[in-house]
Amino acid sequence: MVFETRALSLLERSLDAAALRQKVIANNIANVDTPNYKRSDVRFEELLRQELDGKRKSIVGYRTDPRHIPIGRRPGGTVSLPQVVTDNSTTFNHNGNNVDIEYEMALLAQNQLRYNLLIDRTNGYFKNLRTAIDRR
């Protein structure tokens, strides 16, 4: 299938990770004054890098029929799922909270730039596909 490529799968997963990261950062910011709240982060790029380098193996389900839903492997190859991790080891404020609002705002801006870049690359992918289909 034309739309089930590894490149598109990587873009899709990266966009999912960026969207999830946006929610996690927004949640951190919303809880900046909540006592004993511990900030969370999304772990994706490191997992993806390990997978692309072949250092991380994912489990693939055995299919006895092509109509079965694939387990552990997406069409076009394996792409990691983003993971939410909580930092329980640090404390930033006197109330046990570890959210630094300036750091979170910087992460928010960085994530927005990453998301815009991924959208641009996805649009470019489909533009190239359209060009190939139209033969222009």
Side-chain angles (χ1 to χ4, degrees):
M1 182 102 193
V2 174
F3 299 109
E4 293 179 357
T5 65
R6 182 150 177 91
L8 190 57
S9 182
L10 285 171
L11 287 169
E12 180 186 1
R13 285 288 180 205
S14 299
L15 282 168
D16 288 345
L20 178 61
R21 184 171 286 122
Q22 185 83 5
K23 290 179 185 175
V24 168
I25 294 171
N27 192 45
N28 289 341
I29 291 171
N31 288 293
V32 69
D33 292 326
T34 304
N36 299 318
Y37 177 81
K38 299 298 183 187
R39 69 175 301 275
S40 297
D41 201 359
V42 173
R43 185 173 171 234
F44 176 70
E45 288 78 12
E46 177 187 337
L47 297 174
L48 181 62
R49 189 172 306 115
Q50 289 174 356
E51 200 166 285
L52 292 176
D53 291 343
K55 296 178 181 173
R56 185 166 183 260
K57 302 288 182 194
S58 61
I59 298 171
V60 179
Y62 179 71
R63 294 172 43 191
T64 56
D65 190 300
R67 294 175 293 178
H68 291 167
I69 297 172
I71 299 171
R73 186 177 298 264
R74 296 181 52 84
T78 305
V79 180
S80 296
L81 293 172
Q83 297 176 352
V84 176
V85 292
T86 302
D87 180 10
N88 290 315
S89 63
T90 59
T91 300
F92 185 74
N93 294 326
H94 63 283
N95 61 2
N97 187 314
N98 65 353
V99 177
D100 178 3
I101 190 69
E102 292 181 15
Y103 180 69
E104 298 297 330
M105 295 304 284
L107 287 178
L108 196 65
Q110 181 186 34
N111 192 52
Q112 184 65 49
L113 291 173
R114 179 180 293 131
Y115 185 82
N116 290 344
L117 174 71
L118 291 167
I119 289 293
D120 186 56
R121 293 306 325 144
T122 304
N123 287 338
Y125 176 85
F126 283 111
K127 183 179 177 184
N128 290 341
L129 191 62
R130 172 178 261 168
T131 300
I133 291 171
D134 290 346
R135 297 184 198 168
R136 292 183 186 176

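Start at 1 with the first residue, then count along the sequence. Since the structure is predicted, the reported quantities are computational estimates derived from the model, not experimental observations.
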(message) Please report the interatomic distance CG(L48) to CD(Q50), rounded to the nearest 0.5 Å.
(response) 9.5 Å
(request) Decide yes or no for R13 and F44: does some side-chain heavy atom of the first lie under 4.5 Å from some side-chain heavy atom of the second? (result) yes
(request) Could you tell me the separation between the CG atom of L47 and the CG atom of L81, rounded to the nearest 0.5 Å? (result) 9.0 Å
(request) Step by step, work out the side chain to side chain contact (heavy atoms under 4.5 Å, CB included) result for T64 and H68. (result) CA-CA 7 Å; T64 56; H68 291 167; 3.1 Å; yes
(message) For a quick test of reading the model, state the closest non-hydrogen atom pair linking T91 to G96 and the distance between them.
(response) CG2-CA, 3.6 Å
(request) Could you list the residues that satisfy side chain to side chain donor-acceptor pair (under 3.5 Å) with S89, not counting sequence neighbours? (result) D87
(request) Please name the residue in the list L117, N123, N116 that meets the side-chain contact (heavy atoms from CB on, under 4.5 Å) test with I119. (result) N123
(message) Determine whether V99 and N31 satisfy the following criterion, side chain to side chain contact (heavy atoms under 4.5 Å, CB included), listing intermediate values before the conclusion.
(response) CA-CA 8 Å; V99 177; N31 288 293; 5.5 Å; no
(request) Check step by step if side chain to side chain contact (heavy atoms under 4.5 Å, CB included) holds for L129 and I133. (result) CA-CA 6 Å; L129 191 62; I133 291 171; 4.2 Å; yes
(request) With sequence neighbours excluded, tell me which residues meet side chain to side chain donor-acceptor pair (under 3.5 Å) with D65. (result) R67
(message) Just by distance, no angles: are the side chains of N95 and Y37 close enough, under 3.5 Å, to form a donor-acceptor pair?
(response) no
(message) Working to the nearest 0.5 angstrom, can you tell me the gap between R21 CZ and R43 CZ?
(response) 12.0 Å
(message) For N97, give me all partners under side chain to side chain donor-acceptor pair (under 3.5 Å), at least two apart in sequence or on another chain.
(response) none
(message) Would you say that E104 contacts L108 through its side chain, given a criterion of any heavy-atom pair below 4.5 Å between the two side chains?
(response) no
(request) Quick one: pull up CZ in R39 and CD1 in I29 and give me the separation to the nearest 0.5 Å. (result) 10.0 Å
(message) For the CZ atom on R121, are there more than 12 heavy atoms of other groups (residues, nucleotides or ligands in this structure) within a distance under 6.0 Å?
(response) no
(message) Walk me through whether K38 and T90 qualify under side chain to side chain contact (heavy atoms under 4.5 Å, CB included).
(response) CA-CA 8 Å; K38 299 298 183 187; T90 59; 6.0 Å; no
(message) Are I25 and Y103 linked, directly or through intermediate hydrophobic residues, by side-chain heavy-atom contacts shorter than 4.5 Å (ILVMFWY only)?
(response) yes
(request) Write down the atom of V24, the atom of S40, and the distance for their closest heavy-atom approach. (result) CG1-O, 3.3 Å
(request) Supply the atom-to-atom distance D41 CG to L107 CG, rounded to the nearest 0.5 angstrom. (result) 6.5 Å
(message) So, taking the atom named CG in L8 and the one named CG in L15, what distance separates them when rounded to the nearest 0.5 Å?
(response) 9.5 Å
(request) Might you point out which heavy atoms bring A18 and N111 nearest each other, and give the distance in Å? (result) O-ND2, 2.9 Å
(message) If hydrophobic clusters are built by linking Ile, Leu, Val, Met, Phe, Trp and Tyr wherever their side-chain heavy atoms come under 4.5 Å apart, do Y115 and F126 end up in the same one?
(response) yes
